[in-house]
Amino acid sequence: MADPSSYRPKPGQIPDSPGVYRFRDEHRRVIYVGKAKSLRQRLNSYFQDLANLHPRTATMVTTAASVEWTVVSTEVEALQLEYSWIKEFDPRFNVKYRDDKSYPYLAVTMNEEFPRVQVMRGHKKKGVRYFGPYGHAWAIRDTVDLLLRVFPVRTCSAGVFKNAERTGRPCLLGYIGKCAAPCVERVSPQEHRELAEDFCEFMAGRTGAYIRRVERQMADAAEDMEYEKAARLRDDVGALKKAMEKSAVVLADATDADLIALAEDELEAAVQIFHVRGGRVRGQRGWVTDKVEAVTSGDLVEHALQQLYGEESGDSVPKEVLVPALPDPVEPVQEWLTERRGSNVSLRIPQRGDKKALMETVARNAQQSLVLHKTKRASDLTTRSRALEEIAEALELDSAPLRIECYDISHLQGDDVVASMVVFEDGLARKSEYRRFQIKGFEGQDDVRSMHEVLTRRFRRYLSDKQQTGEWDPKETGAESGDVGGEVSAETNSLTEEDGRPKRFAYPPQLVVVDGGQPQVAAAQRALDELGIDDIAVCGLAKRLEEVWVPGDDDPVILPRTSEGLYLLQRVRDEAHRFAITYQRAKRAKRFKAGPLDAVPGLGDARKQALIKHFGSVKRLRSATIDQICEIPGIGRKTAEVIVAALAGAVPAGPAVNTATGEIIEDEEPAGAGPSSDNEEPAGAGLSSDDEESVTAGTSEERRGQET
């Protein structure tokens with residue numbers, strides 16, 4: 001990695017004026033393009049202490065080997081030049097939106113003598129009118145089929161057109177009235193062009209005036225007793241209205257606007273665009289990008305606008321563009337859009353009414369697009385195989401790690417310290433194998449020590465299973481007999497349960513991933529070494545720069561940002577973090593809700609509920625005698641004595657007061673619904689609505705997970 005100070009420009013060398021700059025690597029490849037209102041201020045911000053830079057920015061400046069700039073007159077020129085250079089050099093550290101599909105457009109070739117209506121994809125051509133994009137090509141064909149009755153424009157290819165000219169016979173559409181047949185001179189080139197222009201006007205959203213004109217012609221024909229013509233015009237009006245019904249009205253004031261919404265996480269962002277013309281949604285498209293540079297929502301919007309309108313002009317740029325966040329500064333972008341359109345363009349955030357409601361719909365589509373993108377990327381077999389191969393190559397493993405276990409520690413300022421273990425097999429999550437741990441060996445905050453304890457407990461159990469089946473002898477590895485078996489229950493006699501399912505720790509992973517850097521990795525490796533395990537690889541993923549650390553190395557393994565292996569490790573790490581924090585929040589919530597009965601040893605949920613149901617409240621239970629408590633089914637005299645002793649030692653809570661009336665409410669102390677043992681909490685217990693950020697929290701598979 002290069003030292004940024006080695007290529008930093010000399011003081012006073014950078015001009016204090018608008019411009020565009022380029023960072024190049026040691027091979028002279030452009031790796032980043034940016035613009036600035038003041039080149040001096042912007043470039044100086046890159047050459048500071050790396051610790052103060054965003055991790056992605058720090059990676060960029062250490063990858064670069066030189067920087068150069070070009071001075072321009074205005075910020076608008078800088079915006080245009082930045083777009084041109086990004087298109088030309090395709091820098092690796094710039095945001096680049098990828099279409100999640102190839103969108104079809106309805107195109108009218110006005111640059112030909114006889115304009116043709118057709119479906120087009122790919123790059124736009126000069127002199128062609130485009131409408132859309134549409135979600136599906138068949139949606140275009142359905143619309144065109146309805147409109148050809150009213151606007152019989154040519155739709156045939158050049159070969160079919162020339163063959164009809166040569167033979168003097170039109171194609172089938174010419175015979176059934178869905179083509180004006182300019183090929184056999186039924187209409188002149190000028191008449192056919194007028195038909196194409198009317199078609200374009202209707203598709204551009206100016207529908208009301210045209211329908212009213214046809215209705216007047218229909219009424220005039222009926223008055224003149226030309227009933228066949230009136231009937232034909234009536235059918236034309238019906239076809240036009242049916243074509244309009246295919247796109248519902250979303251904005252009542254016949255607005256022409258584009259609505260852009262974002263959905264993003266730390267690694268990727270999805271953009272959705274709704275094209276509204278004449279108050280109706282005429283098209284929709286979406287992009288997904290890796291966030292390879294430090295960008296805000298405003299920056300993402302600016303890049304999206306460049307991508308969307310960089311090669312557009314005229315009516316293709318609408319009068320109004322609605323966005324979730326404004327670029328900073330917004331004036332150059334708005335001026336640039338105005339230049340592209342040729343008239344004023346409003347760029348703003350919708351605040352209320354129908355436009356804000358429609359923006360929320362676009363945002364939901366963006367969120368769904370991001371989720372779908374991640375799901376496809378994670379579920380693709382070829383992609384998963386490539387990811388596992390990249391991990392094996394980067395970590396120098398003998399084979400692809402088909403089973404990966406990841407561990408994370410979670411706590412709140414040293415309280416309720418817990419850990420999670422998530423399992424990925426063949427690149428997919430195995431939630432039935434997830435485990436949760438309470439840190440028992442000590443109190444307080446020490447992530448390194450916690451990681452050592454969790455790995456020791458997990459693999460001690462694994463060795464116990466192997467020892468009982470005769471697959472492992474502790475004397476062969478030098479491990480002490482006391483190192484294993486400390487947490488083995490009498491029921492663990494084989495690697496499978498009675499129903500044939502594998503026991504909790506039956507299978508070892510090929511790779512252990514810990515959430516953290518060198519200290520956590522060293523603790524995990526030390527735990528395996530103490531148990532005599534030498535056939536399981538260990539690595540850690542540090543969140544700051546997404547570095548992969550391996551035991552004993554002073555330098556991390558750097559995987560490319562576009563690496564599927566890095567993406568898989570990030571998913572594994574993020575899932576472990578999600579599972580750990582969900583459990584930690586559940587324990588915290590349960591602790592806050594604990595009642596006096598939770599202090600009674602051996603008293604489970606069923607008997608707690610029976611006691612409260614019988615006596616009505618803890619206050620009445622506290623005043624009950626041992627004989628009265630023994631009347632409850634399932635409560636013996638010894639248990640009743642323990643309950644009386646525990647409640648006698650508990651300090652009763654103060655009386656509750658109704659804050660509205662000042663009335664003292666009867667003391668209905670919470671009985672506490674916690675489980676009977678700290679090691680048997682159901683996953684997701686005590687979660688509030690604030691904890692719903694966990695996408696799969698509380699699923700049936702997680703509830704089957706057992707704590708250790």
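Listed for the Gln48 side chain is a donor-acceptor partner under 3.5 Å among the backbone atoms of Ser45. At least one donor-acceptor pair under 3.5 Å links the side chain of Asn365 to the backbone N or O of Thr361. Checked by atom type and distance alone, the side chain of Thr57 never pairs as donor or acceptor with a backbone atom of Leu53 at under 3.5 Å. Using modelled atom types, no side-chain atom of Glu547 and backbone atom of Gly517 make a donor-acceptor pair closer than 3.5 Å. Counting only distance, with no hydrogens or angles, the side chain of Ser420 and the backbone of Ala576 share a donor-acceptor pair below 3.5 Å. Side chain of Gln510 to backbone of Leu402: a donor-acceptor contact under 3.5 angstrom is found.
Proximity of Pro509 to Ile536: side-chain heavy atoms (C-beta onward) are separated by under 4.5 Å at one or more points. In this structure, the side chains of Ile404 and Val423 stay at 4.5 Å or more apart for every pair of heavy atoms. The closest side-chain heavy-atom distance from Cys539 to Val557 is not below 4.5 Å. Val30 places none of its side-chain heavy atoms less than 4.5 Å from the side chain of Phe93. Contact check for Met421 versus Tyr434: no side-chain heavy atoms found under the 4.5 Å cut-off. With contacts defined as side-chain heavy-atom distances shorter than 4.5 Å, the pair Ser450/Val417 qualifies. Contact annotation: the side chain of Phe459 approaches that of Val512 to within less than 4.5 Å [non-hydrogen atoms, C-beta and beyond]. For the pair Arg578/Thr582, a side-chain contact is recorded, criterion being any heavy-atom separation below 4.5 Å from C-beta on.
For CD of Glu393, the number of neighbouring non-hydrogen atoms (other residues, nucleotides, ligands) closer than 6.0 Å is 12 at most.
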Problem set entry | side chain to side chain donor-acceptor pair (under 3.5 Å) assessment of Thr456 paired with Glu530 | CA-CA 8 Å; Thr456 300; Glu530 291 171 355; 4.6 Å; no
For this session: Might you work through the side chain to side chain contact (heavy atoms under 4.5 Å, CB included) test for Phe89 and Arg29, ending with a clear yes or no?
Result: CA-CA 8 Å; Phe89 297 112; Arg29 291 174 297 197; over 6 Å; no
For this session: Report the C-alpha separation of Tyr407 and Arg458 in whole Å, then their side-chain angles, then the decisive distance to 0.1 Å, and conclude whether the side chain to side chain donor-acceptor pair (under 3.5 Å) test is met.
Result: CA-CA 11 Å; Tyr407 298 82; Arg458 184 265 182 265; 3.2 Å; yes
For this session: Start with the C-alpha distance between Ile439 and Val418, add both sets of side-chain angles, then the distance that settles side chain to side chain contact (heavy atoms under 4.5 Å, CB included), and finish with yes or no.
Result: CA-CA 6 Å; Ile439 304 304; Val418 299; 5.9 Å; no
For this session: Evaluate side chain to side chain contact (heavy atoms under 4.5 Å, CB included) for Ile273 paired with Leu259, printing each intermediate quantity in order.
Result: CA-CA 6 Å; Ile273 301 101; Leu259 289 88; over 6 Å; no
For this session: Would you check, one step at a time, whether the test side chain to side chain contact (heavy atoms under 4.5 Å, CB included) holds for Val548 with Leu559?
Result: CA-CA 8 Å; Val548 180; Leu559 292 173; 4.1 Å; yes
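Taking the six-membered ring wherever Trp is involved, the centroid distance between the rings of Tyr46 and Phe23 falls below 6.0 Å.
In this structure, the separation between CD1 on Ile31 and CG on Asp90 is 13.0 Å, given to the nearest 0.5 Å. Residue Arg571 holds its CZ atom at 10.0 Å from CD of Glu564, rounded to the nearest 0.5 Å. In this structure, CZ in Arg457 is found 13.0 Å from CG in Leu531, a value given to the nearest 0.5 Å. Rounding to the nearest 0.5 Å places CD of Gln272 at 12.0 Å from CE of Met359. Atom CD1 in Ile581 sits 13.0 Å away from atom CD1 in Ile409 (nearest 0.5 Å). The structure places OG1 of Thr296 at 7.5 Å from CG of Asp328, a figure rounded to the nearest 0.5 Å.
Across every non-hydrogen atom of Tyr583 and Ala419, the tightest pair is CD2-O, 4.3 Å. Closest approach of Ala400 to Ala392, counting heavy atoms only: CA-CB, 3.9 Å. Between Trp287 and Ala304, the shortest heavy-atom contact is CZ3-O, 3.6 Å. The two atoms that bring Ile260 and Pro324 nearest to each other are O-CD, 2.8 Å, heavy atoms only. Across Pro551 and Val538, no two heavy atoms sit closer than the pair CD-O, 3.1 Å. Of all the heavy atoms in Gly565 and Glu390, the pair that sits closest is N-OE1, 2.8 Å.
Considering only residues two or more places apart in sequence or on other chains, Asp515 meets the side-chain hydrogen bond (donor to acceptor under 3.5 Å, both in side chains) condition with none of them.
Between Arg449 and Glu453 there is no salt bridge, since no side-chain N of the basic residue sits under 4.0 Å from a carboxylate O of the acidic one. Glu405 and Arg403 are joined by a salt bridge, as a carboxylate oxygen and a charged side-chain nitrogen come within less than 4.0 angstrom of each other.
Residues Asp529 and Gln525 bring a donor and an acceptor atom of their side chains to less than 3.5 Å of each other.
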